[in-house]
Number of protein chains: 4
Amino acid sequence: MRTKPSLTPSLGGLARKAQLLDCAVDVLVELGFAGTSVAEVARRAGVSKGVVTYHFPTKEDLLGEVVASLYREAGEQIGQATGDSDSVIGELATYIRSNLTFVADHPRHVRAVMEVAANMRPADGPPGGEDPLSAHLRELIERGQATGEVADVDAGVLAMTIRASIDAAAARAACDPTADPRGHAEHLVTIVRRALLATEPR
Amino acid sequence: MRTKPSLTPSLGGLARKAQLLDCAVDVLVELGFAGTSVAEVARRAGVSKGVVTYHFPTKEDLLGEVVASLYREAGEQIGQATGDSDSVIGELATYIRSNLTFVADHPRHVRAVMEVAANMRPADGPPGGEDPLSAHLRELIERGQATGEVADVDAGVLAMTIRASIDAAAARAACDPTADPRGHAEHLVTIVRRALLATEPR
Amino acid sequence: MRTKPSLTPSLGGLARKAQLLDCAVDVLVELGFAGTSVAEVARRAGVSKGVVTYHFPTKEDLLGEVVASLYREAGEQIGQATGDSDSVIGELATYIRSNLTFVADHPRHVRAVMEVAANMRPADGPPGGEDPLSAHLRELIERGQATGEVADVDAGVLAMTIRASIDAAAARAACDPTADPRGHAEHLVTIVRRALLATEPR
Amino acid sequence: MRTKPSLTPSLGGLARKAQLLDCAVDVLVELGFAGTSVAEVARRAGVSKGVVTYHFPTKEDLLGEVVASLYREAGEQIGQATGDSDSVIGELATYIRSNLTFVADHPRHVRAVMEVAANMRPADGPPGGEDPLSAHLRELIERGQATGEVADVDAGVLAMTIRASIDAAAARAACDPTADPRGHAEHLVTIVRRALLATEPR
DNA sequence: AATGAATGAGGTTTCATTCAT
DNA sequence: CATGAATGAAACCTCATTCAT
């Protein structure tokens with residue numbers, strides 16, 4: 001039997017995968033997690049449903065890779081901007097700025113991952129315990145407190161607050177093109193510096 | 001889980017409705033928005049699916065009432081604790097404390113509403129724009145800045161940050177029984193006071 | 001036990017039944033057979049669903065009575081107008097006129113019965129065989145042919161055609177208030193008379 | 001590798017669609033519109049419910065195609081038999097004969113379409129106004145009256161009567177295999193000719 | 001690699017009916 | 001008589017997944 005010519009020829013594995021991930025991001029952003037179906041992703045990619053399940057055997061694989069690829073990119077971009085400061089305050093500022101710069105550069109992908117994270121909970125029930133990203137921040141702050149560099153506010157709460165502020169700005173940036181994540185970073189840095197460095201009045 | 005070991009007695013309208021709302025909250029917390037089906041709610045209540053749709057014609061009605069009932073309760077409890085301070089810092093502290101006290105008292109309900117809010121997007125597309133709760137905080141802060149009572153940090157960013165911190169603590173409290181929202185409130189108040197009142201060094 | 005005061009006091013059986021039948025007719029006309037539910041009938045009557053099933057244990061009882069009551073009324077009204085003519089043509093004319101007069105007087109009820117008839121098929125499968133109403137007409141025509149009073153067209157086909165024309169006019173009248181069933185009757189009488197009495201040309 | 005024998009082999013799109021339409025016709029004829037469910041159609045086709053919704057996304061699509069396919073076939077078959085007569089009476093006879101010949105050839109399909117038509121009301125409320133098929137007939141008759149070729153009976157009523165007679169014969173033929181639509185056509189032609197051509201006595 | 005067909009589970013909703021009060 | 005609550009079946013539809021080609 002003759003092979004039927006395909007409208008959408010092979011893209012050689014990796015390219016096809018990247019295309020599908022792109023489409024998945026779009027669908028997540030526009031239709032939300034609940035509205036994201038394999039069929040819709042395929043439709044936007046202009047391929048058949050089978051193509052999606054060929055490259056990503058299950059839906060979880062697809063969405064998991066949406067998350068993982070963002071983490072990979074974020075790790076690279078943020079990793080570069082790290083460690084080049086010797087003060088704790090400086091490191092915090094770098095962390096906040098690099099995080100929100102990344103968000104400003106990839107608002108849609110970030111939003112997509114938020115959709116997934118809010119809905120695809122790990123099999124072992126709700127997380128509970130401290131978020132690892134906050135934990136890292138907390139340790140950083142505690143280090144500064146140990147050396148007396150920064151004031152003695154609750155490190156855990158401040159860490160959570162910084163993380164939450166970054167995430168909120170990201171969420172906003174993903175939906176609202178007029179939002180300004182980089183400005184948010186600067187103002188947040190100011191707030192954090194005041195909280196950590198300032199001398200309380202009187 | 002919360003089901004009273006009753007075969008299926010008539011509960012007389014309001015009680016049944018309350019029971020179903022309770023069960024819906026449980027399901028939302030444990031299974032997430034995506035895992036919340038009318039059937040599961042009915043199963044936990046020990047009644048048939050029809051009972052749920054009898055009292056809440058559509059799923060949206062059910063989840064909407066989960067949200068609305070929390071807002072009602074929060075409005076009452078938080079409303080009482082408001083306005084009794086004449087300094088902006090005092091009002092902020094009251095706001096933070098009453099919010100997190102409420103969260104400490106209703107962690108599961110709060111978490112359930114978060115699940116709904118994160119997923120049930122309004123028909124008119126993604127929100128965009130400033131969150132009304134943050135806006136209220138921002139105005140409060142700006143009022144203090146106009147009178148010179150507090151420092152000139154960015155009011156919008158600080159408002160978002162406070163709201164985000166409260167929400168993060170709420171999310172944590174809903175999943176982790178060892179979390180301490182009231183402690184979070186105190187530490188957050190300290191952080192905010194420092195950011196707004198302290199004199200920057202040098 | 002104290003009797004609970006009712007918003008919709010007892011109508012004494014028969015009146016309530018009549019009211020429910022009226023409402024059922026309305027629903028059938030406006031929403032069609034498929035849209036006719038016990039709940040909707042109750043809603044229009046301003047009573048609870050239970051009232052309907054109290055008076056008409058099953059939906060079939062309700063709709064069956066809609067049909068039966070029309071037949072009763074039609075039987076009375078048409079019965080009076082019958083038999084007072086001694087020519088077959090006269091009897092046919094009387095039949096047609098009395099049928100369409102009845103339709104003109106009860107368009108909604110007629111339409112409702114059509115909805116039911118088209119959908120509620122007898123348990124023993126589709127009817128098949130000659131419609132009894134047509135059969136009566138056919139016999140009448142054949143009687144006239146036996147005496148030579150009317151021409152020798154096919155009595156069965158003419159009978160079916162007359163019946164179908166009456167029904168079509170009824171269907172029209174039920175939906176279209178500008179329709180004129182009585183005019184239709186006159187014109188149909190003319191057509192039938194021509195078909196039965198005229199001498200074919202040449 | 002040997003091909004695993006499939007219980008429900010792939011029929012290649014069009015064939016499967018045709019099969020499903022056939023089954024839908026059967027169900028409509030035997031169980032009526034109200035008794036026609038997607039599940040029942042699937043059961044008769046020996047496939048799963050999903051297959052039906054795969055080929056016809058909604059029930060309306062399925063039933064709509066039942067109607068449309070009949071119209072297509074009827075259009076072809078009746079179109080061929082049209083326009084080859086120059087007298088109005090001749091055209092009427094051709095119309096009646098071709099209609100009922102078609103009915104005689106496809107009694108079940110015709111009956112199925114009647115079920116659908118009687119129940120699937122257009123979204124814009126009850127129709128009201130003249131049926132387009134009757135309208136065409138009326139214009140034909142009026143043309144003949146304008147030239148004096150045929151008598152001056154009411155064209156609208158006669159048109160409705162002819163249409164109704166054809167439909168009644170079709171309904172009968174679909175349920176009763178002993179019915180004779182072609183015979184009906186001949187007798188109906190005779191009746192119509194007498195009504196239009198004969199000279200009234202006296 | 002890619003496709004279209006098929007599956008079956010599960011979701012929401014409607015509804016006739018039953019029953020205690 | 002009347003009601004509101006409850007039931008359970010059945011409807012339509014969506015979807016992740018599997019499979020032959």
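Residue numbering restarts at 1 for every chain, and letters A, B, ... go by the order of the sequence lines.
- With rounding to whole Å, D:Tyr54 atom OH is found 21 Å from F:dC12 atom P.
- Nucleic acid contact for B:Thr53: base, since at least one base atom lies under 4.0 Å from a heavy atom of the residue.
- Atoms CG (C:Leu20) and C1' (F:dA2) sit 12 Å apart, rounded to a whole Å.
- Atom CZ in C:Phe56 sits about 16 Å away from atom P in E:dT18, given to the nearest Å.
- Mapped onto DNA chain E by nearest heavy atom, B:Gly35 and C:Gly35 fall at different nucleotides, with B:Gly35 at the one closer to the 5' end.
- Between B:Leu62 atom CG and E:dG11 atom P there is a gap of 14 Å when expressed in whole angstrom units.
- Among the nucleotides E:dC15, E:dT12, F:dA11, the one closest to the side chain of C:Ser37 is E:dC15.
- The 12-atom threshold is exceeded at CD of C:Glu73, counting heavy atoms of other residues, nucleotides or ligands nearer than 6.0 Å.
- Going from atom CZ of A:Phe33 over to atom C1' of F:dC15 covers 13 Å, rounded to whole Å.
- Comparing E:dT7, F:dC12, F:dA6 by their closest approach to the side chain of B:His55 singles out F:dA6.
- Classification of C:Asp26 and C:Arg108 as a salt-bridged pair holds, one side-chain N sitting under 4.0 Å from a carboxylate O.
- B:Leu62 contributes atom CG, which lies 10.5 Å from atom NZ of B:Lys17 (distance to the nearest 0.5 angstrom).
- OP1 or OP2 of E:dA6 lies within a sub-4.0 Å distance of a side-chain N or O belonging to D:Arg16.
- For D:Lys59, the listed nucleotide lying nearest its side chain is F:dA11; candidates were E:dA5, F:dA11, E:dG8.
- Under a 4.0 Å N-O distance rule, the pair A:Lys49/A:Glu40 does not qualify as a salt bridge.
- You'll find that the side chain of C:Val47 is closest to F:dT3, out of F:dT3, E:dA6, F:dA6.
- Rounded to the nearest 0.5 Å, atoms OG1 (C:Thr36) and CD (C:Glu30) are 10.0 Å apart.
- In this structure, C:Asp61 places its CG atom 15 Å from C1' of E:dT18, rounding to the nearest Å.
- Per the geometry, CZ belonging to C:Arg43 stands 13 Å off P belonging to E:dT14, to the nearest Å.
- For A:Lys49 against F:dT17, a side-chain-to-base donor-acceptor contact under 3.5 Å is present.
- Set against E:dT17, F:dG4, E:dT13, the side chain of C:Thr58 has E:dT17 as its closest nucleotide.
- Stem regions for DNA chain F, each three or more consecutive Watson-Crick or G-U pairs with both distances under 3.5 Å and listed by first number, read E:2-21 with F:2-21.
- As a whole-Å value, the separation of B:Met120 CE from E:dT12 P is 13 Å.
- Heavy atoms of D:Val38 sit under 4.0 angstrom from primed sugar atoms or phosphate atoms, though from no base atom.
- Rounded to the nearest 0.5 Å, atoms NE2 (B:His55) and CG (B:Leu20) are 6.0 Å apart.
- In this structure, D:Lys59 satisfies the cation-pi test against D:Phe33, with its NZ or CZ atom closer than 6.0 Å to the six-membered ring centre and inside 45 degrees of the ring normal.
- When atom types are taken as modelled, the side chain of B:Glu115 and the backbone of B:Gly32 share no donor-acceptor pair closer than 3.5 angstrom.
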